[in-house]
Amino acid sequence: MHVNKSKVAVGFIVAGVLTGLFGAVLLFVGPAVMNDQITKNTVIDPNNDMSYTMWKDIPVPFYMSVYFFNVLNPKEILTGEKPMVEQRGPYVYRKRCQKDNITFHPNDTVSYREYRQYYFEPSMSAGNESDVVTIPNMLVLGAAVMMETLPYAFRLMISATFKTFNEGPFLTKTVEELMWGYDSKLVDFLNKYLPGMLPSSGKFGLFAEFNNSNTGLFTIFTGQDDIRKVHKVDSWNGLTELSYWRTPQANMINGTAGQMWPPFMTKESTLPFYSPDACRSLELVYQRPGEFKGVPLYRYVAPKTMFANGIDYPPNEGFCPCRKSGLLNVSSCRHNSPVFISHPHFFNADLSLLDTVLGLNPNEDEHGLFIDIHPQTGVPLNVSIRLQLNLLMKRVSGITETGKISEVVMPMIWFEERGNIDGPVLTTFHTNLVVLPTVMEYMQYGFIALGLVTVVIAVLVHRRLKVQPQKTARQFVCLLSNCTQHVAQQPTFPCR
């Protein structure tokens, strides 16, 4: 069977052109297809098995590490000396979060309550819950500041009440008691005669109201109608704005619930979220790109202005009355108790705060908070949220328990909540969002390269086939010429 090699070469040229065009089309269509898949998979929808399960029950372990500031000189503090503290810990707790009462609404929102439980992890801790530490007694020193403006006679009566129940200015208790609550006759008395004054009706502890509790009723957007709104908070406990603060801006509920963010982030994007524990919306800013176990990420950190006061950063005026920059006054949402939130060891705070307490050593690696986000999906890969709880202490006349305490914002504890994607979730994430896009990218350029190579080779072959008949004719003429040369010994033309 005779094969027309010239037509075959032309066929290869056409095939090469088509292959190259297919690669070029993939170059533009591929990212759009991937983005469409990401959009479908990041919508909060029970039909999205992996993403919905990840949202409903966080599949990776989360841990809370707690550090106490053990007071070394409680007696000297009462005489006006600077507090001296030593950091004790970490005491590590595994945190389990589970969403319940999940209800989808016609306006593309979903409501839920997220319950949290904590379990002590001895193997990860630097001590046991039976360790004894000394910290300021919030019931006494906090109440003293709260009642500073009340009549002097009333303050004397309060002081007498403290003495009746043997409540002093400092507590020496086990970690377990300080964390989850201890029996106090004063607490029982207050709950009986002044109900609502304390945040808990049971035992009094720093985290007593956290364990086996929920963070309130969140209603967030599913992203079904607009993927740019996915995870953003529509309301919290039925509220679209707060009433704790002094300005409408400060009372705004911005961003997400702090677990996931909308996809397709850029370096100009920020991470806004509402924190019920901080009683306000917070916002992290882009710091740098990076990689977590092969997955590309953007790192977001707290700006220095997060806890700045209204003088240093006017937009924060609504969160006042303020003290030095670096402190967030949360008394308005903590029963008017003189409690302040800051970064651990007063990191990113006014340096004068460090002068009032001995034993603090702030640095970004240990005390800065960050969230590492996969920008294409808005899913956190590695999280470390670090905050410190502080109490305003001062001498209050009439309440003898305060002695001659110099006015100071006293660190009590700081804690870190951390977690990262690992195991099967990381494998699936890496395969779907790193490996497959990379393979598709190589395929795009591979098809383009294959098409170009095919076209070039086919063109060369086609040209050679065109030259081939001419060469054959010249060889035949040359053969006749040789015969003539043999007879006449006179070539008619040169042969090549």
Do [X] and [Y] have side chains that get closer than 4.5 Å, going by heavy atoms?
| X | Y | answer |
| --- | --- | --- |
| I135 | F170 | no |
| I373 | Y300 | yes |
| V409 | L391 | no |
| I220 | K229 | no |
| F273 | L284 | yes |
| I227 | P263 | yes |
| T402 | V140 | no |

Rounded distance (nearest 0.5 Å) linking atom [atom1] of [X] with atom [atom2] of [Y]:
| X | Y | atom1 | atom2 | result |
| --- | --- | --- | --- | --- |
| K267 | Y286 | NZ | OH | 4.0 Å |
| L206 | K173 | CG | NZ | 12.5 Å |
| F319 | N251 | CZ | CG | 8.0 Å |
| N211 | M64 | CG | CE | 8.0 Å |
| L327 | F340 | CG | CZ | 6.5 Å |
| R280 | M252 | CZ | CE | 12.5 Å |

NZ/NE/NH1/NH2 to OD/OE distance under 4.0 Å, [X] and [Y]:
| X | Y | answer |
| --- | --- | --- |
| D422 | K293 | yes |
| R155 | E148 | no |
| R323 | D312 | no |

Is it true that the NZ or CZ of K185 lies under 6.0 Å from the centre of F165's six-membered ring and within 45 degrees of the ring axis? no

Decide whether a cation-pi geometry holds between K95 and Y118; the criteria are a distance under 6.0 Å from NZ or CZ to the six-membered ring centre and an angle within 45° of the ring axis. no

Output all residues satisfying side-chain contact (heavy atoms from CB on, under 4.5 Å) with P262, sequence neighbours left out; order by chain, then residue number. V230, K232, T256

Is it true that the side chains of [X] and [Y] contain a donor and an acceptor less than 3.5 Å apart?
| X | Y | result |
| --- | --- | --- |
| Q98 | Q117 | no |
| R386 | S384 | yes |
| S159 | E401 | yes |
| E114 | N214 | no |
| D277 | S275 | no |
| N329 | S331 | yes |
| K99 | Q259 | yes |
| T134 | T172 | yes |
| T109 | D234 | no |
| Y67 | E366 | no |

Run R299 and D372 through salt bridge (charged side-chain N to carboxylate O under 4.0 Å, His left out) and show every step you take. CA-CA 4 Å; R299 171 158 290 190; D372 290 338; 2.7 Å; yes

Taking the ring of [Y] and the ring of [X], is the distance between their centroids below 6.0 Å?
| X | Y | answer |
| --- | --- | --- |
| F207 | Y93 | no |
| H231 | F218 | no |
| F347 | W414 | no |
| H343 | H367 | no |

Would you find a donor on one side and an acceptor on the other, under 3.5 Å apart, between the side chain of [X] and the backbone of [Y]?
| X | Y | answer |
| --- | --- | --- |
| D100 | R113 | no |
| N420 | L381 | no |
| N390 | M412 | no |
| S325 | N309 | yes |
| N137 | G168 | yes |
| Q388 | H345 | yes |
| N48 | K40 | yes |
| S125 | N128 | no |

Could you give me the CA-CA distance, side-chain angles and deciding distance for Y112 and W55, then say whether ring pair (Phe, Tyr, Trp, His ring centres under 6.0 Å) is met? CA-CA 11 Å; Y112 65 90; W55 171 79; 5.4 Å; yes

Step through the shown structure and confirm whether more than 12 heavy atoms of other residues, nucleotides or ligands are within 6.0 Å of CD1 on I311. no

Tell me the closest heavy-atom pair linking F162 and A143, and the distance in Å. CZ-CB, 4.0 Å

According to disulfide bond (SG atoms under 2.5 Å apart), who are the partners of C97, at least two apart in sequence or on a separate chain? none

If you look only at distance, which donor and acceptor atoms sit under 3.5 Å apart when one is on a side chain in residues 239-249 and the other is two or more places apart or in another chain?
residue: W245; atom: NE1; partner: C279; partner atom: O; Å: 2.9
residue: T247; atom: OG1; partner: A250; partner atom: N; Å: 3.2

Might you work through the side chain to side chain donor-acceptor pair (under 3.5 Å) test for E167 and S184, ending with a clear yes or no? CA-CA 9 Å; E167 292 284 351; S184 167; 3.0 Å; yes

